[in-house]
There are 2 protein chains.
Amino acid sequence: MTADCAIFGFSGDALRVLLVRRAVEPFKGVWLLPGGAMQPDETLEDTATHLLRNLVNVENVPIHQVATYSSPDRHPVRRVITTSYFALVSPEDHDPIAREYLDRVKWCPVEQLPELGFDHRLILHDAYEALKDELRQQPLAFHLLPDSFTLKEAQEVYESILGEELDRRNFRRKILAYDFLINTEQKKPGVKGGPELYRIDDAKLGQYLQ
Amino acid sequence: MTADCAIFGFSGDALRVLLVRRAVEPFKGVWLLPGGAMQPDETLEDTATHLLRNLVNVENVPIHQVATYSSPDRHPVRRVITTSYFALVSPEDHDPIAREYLDRVKWCPVEQLPELGFDHRLILHDAYEALKDELRQQPLAFHLLPDSFTLKEAQEVYESILGEELDRRNFRRKILAYDFLINTEQKKPGVKGGPELYRIDDAKLGQYLQ
DNA sequence: CCAAAAGTGTTTCGGATACACCCATGC
DNA sequence: GCATGGGTGTATCCGAAACACTTTTGG
């Protein structure tokens, strides 16, 4: 029993997902989603949370269960049932660390995926769809932004995740309708137009999540 | 590793869910959702499908995965991870059969649930929410109806599942917008108003499912 | 005939979309 | 000063919801 995690990150340009490369057989040299075996006294959520801590060194990032995959032949050697999760983090937080049975770790743009081992292509596809569904229903991407940010930057996060362009004015109205956005009354220097900087009221944002 | 299944049935009056009562310890005499252990060469979907065949003798009923529960203490004796599914069947198809470690099986109205063992109250709650979400998005309840039926009967199925009353005219327009409903040009006798009977084009209905 | 239920069409509302103008800044 | 981007408001569209009248049938 394992937990596989699609760790999505936004780095300022494109949405990326963390991939690892196995250093041991089977599937040596093949790219995979990071995964870990569930330990005797932990939940699958614990397992996924440990992955996040070990690979990208983040704590308290919400994880979302997606689905469970149980085909008997999905792993060529032994029976492995896996439950998938997704999480959203900022890649800058920490460089991913290759360790144990992995020899490489990389942030891969979701539009330029290599071949993935096992059934991880399917798992990633399902996780990405779940991420988009969630983002359309609740504002779960604001922890990717710096302490203060412009609405343009927030919009770029949304567009990168959803993979589509959004109307600037409609996006603005939609997220300003929330009350967790606080106008700092300051303008971001060095940018034409002088965009206003906003920050998040964490307590109020939390009310919209989950 | 087990699969637990919330088997929902519509019997003409209210939405019901199939509950079983354990005949052995632990939790002897306690009501539960039916569940089964995954066998070595089957998927969890297979396990859930076998439950449906053994308990209510139906085949080819679509099942929907809901979530996986892995808390170490959810089962008092040993570690059991379970993946939940829901399915929609017609209770008239077959009387449920008590066998093996069960001494009773019943169709229980979802509004009058007894105490459930383990964490099955939570599992059932999640499954019911998933059922409602799915029904709002796709017409997955028409196999509960007889070969020919009135729109009123179809509406009652929807209302029982969703637990809310629907506007007759809006409901009518919404489902007539689909092209899988065929007017048989016959009227149902014995009912005031002389409602028209419809039947389903299975091939076209299938296009809207999944 | 009359009560009850079925068939039909219109209005309204809210959210989402599309779109145009003015203002602020960097160069 | 001018090109680029930011801030603001309005018209439109679409699906959902609310709603009233006529027709058909059983009693």
Side-chain angles (χ1 to χ4, degrees), chain A residues 12-13 132-142 145-200 208, chain B residues 12-13 132-142 145-200 208:
Chain A
D13 54 347
K132 287 189 281 190
D133 283 349
E134 285 293 302
L135 183 63
R136 280 186 242 268
Q137 295 192 5
Q138 46 175 321
L140 50 71
F142 284 89
L145 291 160
D147 284 343
S148 70
F149 54 88
T150 66
L151 293 187
K152 171 77 165 172
E153 292 167 337
Q155 182 175 342
E156 285 168 349
V157 171
Y158 268 69
E159 289 176 335
S160 294
I161 297 175
L162 297 178
E164 59 184 318
E165 297 198 344
L166 302 174
D167 182 89
R168 178 170 51 95
R169 293 152 291 190
N170 293 335
F171 176 79
R172 177 188 184 80
R173 175 167 1 141
K174 178 172 181 167
I175 68 165
L176 283 182
Y178 292 114
D179 59 358
F180 59 75
L181 282 171
I182 302 169
N183 191 327
T184 63
E185 309 289 343
Q186 299 182 337
K187 296 193 173 189
K188 179 158 186 168
V191 180
K192 285 184 184 175
E196 297 169 350
L197 286 167
Y198 287 82
R199 62 186 177 84
I200 291 293
Y208 293 98
Chain B
D13 53 347
K132 287 189 279 191
D133 284 348
E134 285 293 303
L135 183 63
R136 280 186 242 268
Q137 296 193 6
Q138 47 175 320
L140 52 71
F142 283 90
L145 291 161
D147 284 345
S148 71
F149 54 88
T150 66
L151 292 187
K152 171 75 166 175
E153 293 168 335
Q155 182 176 341
E156 285 168 350
V157 171
Y158 269 69
E159 289 177 336
S160 294
I161 297 175
L162 297 178
E164 60 183 317
E165 297 198 346
L166 302 174
D167 182 88
R168 180 169 50 94
R169 295 150 292 189
N170 292 335
F171 177 78
R172 177 188 184 79
R173 177 172 5 169
K174 178 173 180 168
I175 67 166
L176 284 182
Y178 292 115
D179 59 358
F180 60 75
L181 282 170
I182 302 169
N183 190 328
T184 63
E185 308 289 341
Q186 298 182 337
K187 297 194 171 186
K188 180 158 184 169
V191 180
K192 285 185 185 177
E196 295 169 351
L197 286 168
Y198 288 81
R199 63 186 177 82
I200 291 293
Y208 292 99

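Letters A, B, ... are given to chains in the order of the sequence lines, protein chains preceding strands, and every chain is numbered from 1.
Taking atom OH on A:Y198 and atom C1' on D:dG6, their separation rounds to 10 Å, with Å as the unit. Taking atom NZ of A:K188 as the reference point, atom C1' of D:dG5 lies 13 Å away to the nearest angstrom. We find that CG of B:L197 is positioned 10 Å from P of C:dG7, with the value rounded to whole Å. Separating the NZ atom of A:K192 from the P atom of C:dT25 is a distance of 14 Å, rounded to the nearest angstrom. Taking atom CZ of residue A:F171 and atom P of nucleotide C:dA18, one finds them 16 Å apart after rounding to whole Å. C:dC23 atom P lies 16 Å from atom CZ of A:R169, rounded to whole Å. To the nearest angstrom, P of D:dG7 lies 11 Å from CD of A:E153. The NZ-P distance, from B:K187 to C:dA5, rounds to 16 Å in whole Å.
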Working note: A:V157 + A:F149, criterion side-chain contact (heavy atoms from CB on, under 4.5 Å); need CA distance, chi angles, decisive distance, verdict. CA-CA 11 Å; A:V157 171; A:F149 54 88; over 6 Å; no
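Along DNA chain C, the nucleotide nearest A:P195 and the nucleotide nearest B:T150 are compared for position; the residue whose nucleotide lies closer to the 5' end is B:T150. Between B:G194 and B:R173, the one whose closest nucleotide on DNA chain C sits nearer the 5' end is B:G194.
Under a 3.5 Å cut-off, the side chain of A:Q155 and the backbone N or O of A:R172 do not form any donor-acceptor pair.
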Cut-off 3.5 Å, no hydrogens considered: what does the side-chain donor-acceptor table look like for residues 189-200 of chain A, sequence neighbours left out?
from	atom 1	to	atom 2	distance (Å)
A:E196	OE1	A:N183	ND2	3.0
A:E196	OE1	A:Y198	OH	3.4

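Comparing D:dG7, C:dC19, D:dT24 by their closest approach to the side chain of A:R168 singles out D:dG7.
Across all strands, B:K174 comes closer than 4.0 Å to no nucleic acid atom at all (heavy-atom distances).
Side-chain N/O atoms of B:N170 and base N/O atoms of D:dA18 include a donor-acceptor pair closer than 3.5 Å.
When all heavy atoms of B:A141 and B:I161 are compared, the pair lying nearest together is CB-CD1, 4.1 Å.
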